[in-house]
Amino acid sequence: MTSLPSLLGDLDPTSDRAVFRQIADQLREAIDRGRFKEGEKLPSEAELVEHYGVSRMTVRNSFSVLQGEGLVHAEHGKGVFVRPRPPVRRLASDRFARRHREQGKSAFIVEADAAGSHPQVDSLEVKEEKASQDISTRLGSVRRVLARRRRYLLDGRPVEFATSYLPLDIARGTQIAEPNPGPGGIYGRLEELGHQLDHFEEEIRARMPSPTEVKTLRLASGVPVIHLIRTAYDTEGRAVEVCDTVMAADAYVLSYQLPAT
């Protein structure tokens, strides 16, 4: 490793900014400038204590700041490492293109292929249930729905979990109600059933995860989630599916193409 004096600066004793925050600032800048690469181990507590002439607790507080920002993660007994950048680019204008379904690929498989990652789905549950008020409203006042819950993994790492809700008059007794809906996923089956897809509407917000979401997605401290609700409409204007998705924010880049007029 390059010597610390050339990677990190000195503390400013005249600054009103707390020492641990000054150290965090310098480490953050070094990460942003590429002096510490993705997956690279940061200097140890002992090295930073010696470099800055501070206590171990001060250094630990600096690391906590960076962990809270999602820039680094700690591995017990190994050290603190720079967190990798999001591997998956979610291109909204392309992911639901009909050509992917015709090739037998779901949107997740398309994105995994583009990222060079191995996709998996687990924790699958398919059942009929009463629709919540929100889901009922989005699907046109239906009372009961078919719910498909699943978790998505890339190279063994959980990156999102989602629940699709479909009206029973569409999904009951079809392959959509089976654990494996077949090539092209549920959108492929909807179109085979005569519900030609016309457009999708998405609502997106970022927030901190619940304890259950932290456990399900194995999120490190400080990593937020992206909460996305998508409604699929057919060419008759009917809402045929609502998908409620929670994604690890450090796993995705959301990419959009917007018209200029």
Side-chain angles (χ1 to χ4, degrees), residues 1-90 111-112 114-118 120 151-161 206-226 246-255:
M1 177 185 292
T2 307
S3 64
L4 288 189
S6 62
L7 292 172
L8 303 171
D10 297 319
L11 298 176
D12 181 358
T14 66
S15 174
D16 292 333
R17 191 162 177 79
V19 170
F20 77 92
R21 295 195 181 278
Q22 290 189 51
I23 296 173
D25 292 343
Q26 293 190 12
L27 289 169
R28 186 188 306 106
E29 181 180 6
I31 293 171
D32 289 342
R33 291 179 177 272
R35 296 171 187 163
F36 298 114
K37 308 294 185 184
E38 294 180 26
E40 186 176 343
K41 182 181 177 181
L42 292 183
S44 67
E45 287 183 8
E47 289 172 323
L48 292 173
V49 164
E50 180 179 355
H51 175 71
Y52 288 113
V54 297
S55 68
R56 281 185 177 271
M57 184 55 66
T58 298
V59 172
R60 289 172 185 170
N61 288 340
S62 301
F63 283 154
S64 293
V65 170
L66 299 179
Q67 283 184 269
E69 296 172 357
L71 286 177
V72 303
H73 66 98
E75 296 185 15
H76 184 68
K78 294 182 179 179
V80 177
F81 297 82
V82 179
R83 184 177 294 280
R85 302 295 183 185
V88 181
R89 180 169 294 273
R90 185 184 183 278
E111 291 166 348
S117 297
H118 174 63
Q120 293 174 274
R151 183 174 68 164
Y152 295 99
L153 301 90
L154 289 176
D155 299 325
R157 176 199 170 188
V159 293
E160 68 175 88
F161 64 89
R207 58 173 172 78
M208 296 309 294
S210 69
T212 299
E213 290 165 348
V214 170
K215 182 178 180 180
T216 301
L217 293 175
R218 303 177 196 164
L219 298 173
S221 174
V223 175
V225 292
I226 300 167
V246 176
M247 299 179 282
D250 62 343
Y252 285 92
V253 171
L254 305 187
S255 180

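Without hydrogens or angle criteria, His51 side chain to Pro43 main chain gives no donor-acceptor distance under 3.5 Å. A donor-acceptor pair is defined here as one N or O able to donate and one able to accept, closer than 3.5 Å; no such pair exists between the side chain of Gln22 and the backbone of Val19.
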Next item on the list: Starting from the C-alpha separation in whole Å, work towards a yes-or-no answer on side chain to side chain contact (heavy atoms under 4.5 Å, CB included) for Phe36 and Leu42.
Entry: CA-CA 7 Å; Phe36 298 114; Leu42 292 183; 3.7 Å; yes

Margin query: Glu213 vs Arg207, test: salt bridge (Lys or Arg N to Asp or Glu O under 4.0 Å). Steps then yes/no.
Written below: CA-CA 11 Å; Glu213 290 165 348; Arg207 58 173 172 78; 2.8 Å; yes

Next item on the list: Test Val80 against Lys41 for side chain to side chain contact (heavy atoms under 4.5 Å, CB included), laying out the working first.
Entry: CA-CA 6 Å; Val80 177; Lys41 182 181 177 181; over 6 Å; no

Next item on the list: List the steps, then state whether side-chain hydrogen bond (donor to acceptor under 3.5 Å, both in side chains) holds for Gln26 with Tyr52.
Entry: CA-CA 11 Å; Gln26 293 190 12; Tyr52 288 113; 2.7 Å; yes

Next item on the list: Show the numbers, then the answer: is there a side chain to side chain contact (heavy atoms under 4.5 Å, CB included) between Leu217 and Val159?
Entry: CA-CA 6 Å; Leu217 293 175; Val159 293; 5.9 Å; no

Margin query: Working note: Arg60 + Glu45, criterion side chain to side chain contact (heavy atoms under 4.5 Å, CB included); need CA distance, chi angles, decisive distance, verdict.
Written below: CA-CA 7 Å; Arg60 289 172 185 170; Glu45 287 183 8; 3.0 Å; yes

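Residue Pro209 comes nearest to Pro224 through the heavy atom pair CD-CA, 4.1 Å, listed as atom of the first residue, atom of the second, then distance. Across all non-hydrogen atoms, the minimal contact from Leu8 to Ala30 is CD2-CB, 4.1 Å.
Comment: Arg83 does not engage Glu38 in a salt bridge, judged by the lack of any side-chain N to carboxylate O separation of less than 4.0 angstrom. A salt bridge links Arg17 with Asp25: at least one charged nitrogen is closer than 4.0 Å to a carboxylate oxygen. Note on Asp16 versus Arg21: no salt bridge recorded, every NZ/NE/NH1/NH2 to OD/OE distance being 4.0 Å or above.
From Leu219, atom CG reaches atom CE of Met208 across 8.5 Å, with rounding to the nearest 0.5 Å. Once rounded to the nearest 0.5 Å, the distance linking CD of Gln120 with CG of Asp155 reads 8.5 Å. Atoms CG and CZ, from Leu48 and Arg56 in turn, are 10.0 Å apart once rounded to the nearest 0.5 Å. Taken to the nearest 0.5 Å, the OG1 atom of Thr216 stands 5.5 Å off from the CZ atom of Phe161. Expressed to the nearest 0.5 Å, how far CG of Asn61 lies from CD1 of Ile23 amounts to 9.5 Å. Between atom CZ of residue Arg28 and atom CG of residue Leu71 there is a gap of 6.5 Å, rounded to the nearest 0.5 Å.
At a threshold of 4.5 Å between non-hydrogen side-chain atoms, the residues Val246 and Ile226 do not count as touching. Side-chain contact check for Tyr252 versus Glu160: some heavy-atom pair is nearer than 4.5 Å. Side-chain contact between Val72 and Phe81 is absent, with no heavy atoms from C-beta onward closer than 4.5 Å.
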